[in-house]
Amino acid sequence: RFSRLCLPPMNGHDARPARLIDLRECQRMDLLQAVYDRLLKVHFPVPGELDDLETLQDGLQQPSDGLNPELHVLLLSETAEPMESLMGCASYEYYPRGNHCLISYICVAEPFRRRGVSKLLMSTLQKQMEERAAKPLAAIFAETHASDVEDGIMDPLERQEVLATLGFRCLDFDYVQPPLSDQHKPCGGLKLLVKDQDALPREAIVSYLDDFSGSVLGWEEESWKEDPWYQKQISSLPPLISARHQRPW
C-alpha cells in the first residue's frame, strides 16, 4: 500500500511527487533486500552497527503483542515501482509498553539529499504514530555518537547537525546503551536524543531503558535491573532531564 506524497520545492529543485511505503504493511521482502543493499549497507558500513537482514525480516513479520517493539521500515520512492528509485528510508521501533519510538536508521540516497526527504520520512512517522498510539507519544528517541567518537564514515559533528535539523535535542545525562543481546556488553560513547522536547521526566528515561533491555534480553526475570551499568545510570537521573539544542553533544 502506497501513500502519495509531495516533496516541497527546495534548494533549486521543483516540487516532485513521491510514494511512501511501510514494509511492515506490505511485507515485500524483495524491497527490504533492496533497501538493505542499496541504502542501509552503504550508509552504515561499520561492523556491528547495522542489524543483519534476517533480524529486520523477523522484526517486520513479528505480530504486535503490546509488549515487544513493532519494527517499521519506511521507504520513499519517486516511481510507481519503488525498486526503480530508492530515495531514502527510515527504520524505527514503536514500543507500545512505554508509548515511545526509537529511530534506528535514517538515510537518503546521495542524488536526493537536501530535498526534504528526511523531514518527509519523519513527518510520516509522526502521523503514523498519531493514528497508531492510543495517546500522544511520550517521546521519539534517537542515538548518535558523542562528538569525540570517530567512526571513519561521517564526521560526528556533521551527523549531529543533520539530526538537529530534524528537531532532535541531546538529553543531558551519561547515557549507556543497553546490551544488544546476552552476548554483548553495554555500550558507551553514545548520546540519547529526543525530538521536539526541551526535557523529559525521569520516568520516561527509565521506561525507555527497560523497554530496550526487555526486548533484547527477555522480560521473564528483568535481570538487567541488577546490572551495575543500569543501576548506576538510573541512580544518577534527576527528576527532570533537560534536552539541549546547542552543540556539540
Side-chain angles (χ1 to χ4, degrees), residues 1-8 15-44 50-109 112 115-143 166-168 180 195-196 208 211-212 214-216:
R1 189 178 72 180
F2 294 93
S3 297
R4 295 181 183 274
L5 304 171
C6 183
L7 285 171
R16 298 185 68 169
R19 293 170 180 253
L20 185 135
I21 186 169
D22 185 343
L23 298 187
R24 183 177 183 87
E25 295 181 356
C26 75
Q27 291 292 309
R28 278 190 58 179
M29 295 301 121
D30 61 327
L31 270 182
L32 177 63
Q33 179 77 64
V35 167
Y36 195 81
D37 290 340
R38 291 157 54 184
L39 288 174
L40 292 175
K41 284 172 67 174
V42 172
H43 293 87
F44 300 95
L50 178 63
D51 289 330
D52 58 46
L53 180 62
E54 291 73 19
T55 298
L56 294 178
Q57 289 174 335
D58 291 344
L60 289 173
Q61 294 170 344
Q62 180 176 327
S64 303
D65 61 8
L67 181 63
N68 289 297
E70 300 172 9
L71 176 66
H72 295 257
V73 178
L74 304 181
L75 168 63
L76 200 64
S77 170
E78 63 174 355
T79 57
E81 170 47 57
M83 194 81 76
E84 298 173 2
S85 176
L86 305 181
M87 302 173 75
C89 70
S91 172
Y92 74 92
E93 293 174 308
Y94 171 61
Y95 292 82
R97 180 177 174 272
N99 192 37
H100 49 245
C101 290
L102 174 64
I103 309 298
S104 304
Y105 313 107
I106 185 165
C107 55
V108 178
F112 302 103
R115 293 172 59 182
V117 171
S118 293
K119 290 183 178 180
L120 191 55
L121 288 167
M122 290 300 304
S123 65
T124 300
L125 179 161
Q126 289 178 277
K127 183 178 180 181
Q128 281 187 326
M129 288 298 97
E130 288 173 1
E131 298 171 353
R132 166 66 179 85
K135 54 186 178 180
L137 280 180
I140 298 177
F141 293 108
E143 298 172 325
L166 297 176
F168 284 98
L180 298 178
K195 182 170 169 38
D196 298 331
Y208 163 79
D211 282 355
F212 192 131
S215 69
V216 294

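Sequence positions, counted from 1, serve as the residue numbers for this chain. Note that these values count all heavy atoms, side chains included, but never hydrogens, waters or copies made by symmetry.
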Exercise for review: Measure the spacing between OG of Ser91 and OH of Tyr36 and express it to the nearest 0.5 Å.
Suggested key: 11.0 Å
**Study point:** Summary of salt bridge (Lys or Arg N to Asp or Glu O under 4.0 Å) pairs that have at least one residue in residues 88-107, sequence neighbours excluded
**Key:** Arg97-Asp211
Review point. Can you check whether Leu102's main-chain N or O pairs, donor with acceptor, with Glu143's side chain at less than 3.5 Å?
Key: no
Check your understanding: Could you give the distance from CG (Leu56) to CG (Leu23), rounded to the nearest 0.5 Å?
Key -> 10.0 Å
**Study point:** Where Phe168 and Ile140 come nearest, the two heavy atoms and their spacing
**Key:** CE2-O, 3.7 Å
Check your understanding: Does Met87 reach the side chain of Val108, with side-chain heavy atoms less than 4.5 Å apart?
Key -> no
Review point. When rounded to the nearest 0.5 angstrom, what is the spacing between CZ in Arg28 and CG in Asp22?
Key: 13.5 Å
Review point. Which pair of non-hydrogen atoms, one from Leu166 and one from Lys119, has the smallest distance, and what is that distance?
Key: CD2-CG, 3.6 Å
Review point. When the aromatic ring centroids of His100 and Phe141 are compared, is their separation below 6.0 Å?
Key: yes
Exercise for review: List the steps, then state whether side chain to side chain contact (heavy atoms under 4.5 Å, CB included) holds for Gln27 with Met29.
Suggested key: CA-CA 6 Å; Gln27 291 292 309; Met29 295 301 121; 3.6 Å; yes
Revision key, fill the gap. Partner of Cys89 under side-chain contact (heavy atoms from CB on, under 4.5 Å), picked from Ile21, Leu39, Leu32, is Leu39
Review point. What distance separates Leu71 CG from Ser215 OG, expressed to the nearest 0.5 Å?
Key: 11.0 Å
Check your understanding: With side chains defined as the heavy atoms from C-beta onward, is the minimum distance between Gln128 and Glu130 less than 4.5 Å?
Key -> no
Review point. Who pairs with Ser77 by side chain to side chain donor-acceptor pair (under 3.5 Å), at least two apart in sequence or on another chain?
Key: Thr79
Study note, to complete from the structure: When every non-hydrogen atom of Gly88 is compared with those of Val117, the smallest separation belongs to CA-CG1, 4.2 Å
**Study point:** Taking every non-hydrogen atom, the tightest pair across Pro82 and Leu75
**Key:** CB-CD2, 3.9 Å
Study note, to complete from the structure: To the nearest 0.5 Å, atom CG of Leu137 lies from atom OH of Tyr95 at 13.5 Å
Below 3.5 Å, can you tabulate the donor-acceptor pairs from side chains in residues 61-69 to any protein atom, sequence neighbours excluded?
unit_1	atom_1	unit_2	atom_2	d
Ser64	OG	Arg24	NH2	3.3
Ser64	OG	Glu70	OE2	3.1
Asp65	OD1	Leu67	N	2.9
Asp65	OD1	Asn68	N	2.8
Asp65	OD2	Asn68	ND2	2.9
Asn68	OD1	Trp219	NE1	3.4

Exercise for review: Would you give the length of the straight line joining atom CZ of Arg132 to atom CG of Leu125, rounded to the nearest 0.5 angstrom?
Suggested key: 13.0 Å
Check your understanding: Is the closest side-chain heavy-atom distance between Phe112 and Leu86 below 4.5 Å?
Key -> no
**Study point:** Expected output: side-chain Tyr92 to main-chain Leu74 donor-acceptor under 3.5 Å
**Key:** no
Point to revise | Test item: Met122 and Ile106 side chains (from C-beta on) under 4.5 Å apart, heavy atoms | key: yes
**Study point:** side chain to side chain contact (heavy atoms under 4.5 Å, CB included) evaluation trace for Ile103 with Lys195
**Key:** CA-CA 10 Å; Ile103 309 298; Lys195 182 170 169 38; over 6 Å; no
Check your understanding: Which heavy atom in Asp30 sits nearest to a heavy atom in Met83, and how many Å separate them?
Key -> OD2-CE, 3.5 Å
Review point. What heavy-atom pair brings Leu76 and Leu121 nearest, and what distance separates the two atoms?
Key: CB-CD2, 4.2 Å
Check your understanding: Can Arg19 and Glu84 be counted as an ion pair, charged N to O under 4.0 angstrom?
Key -> no
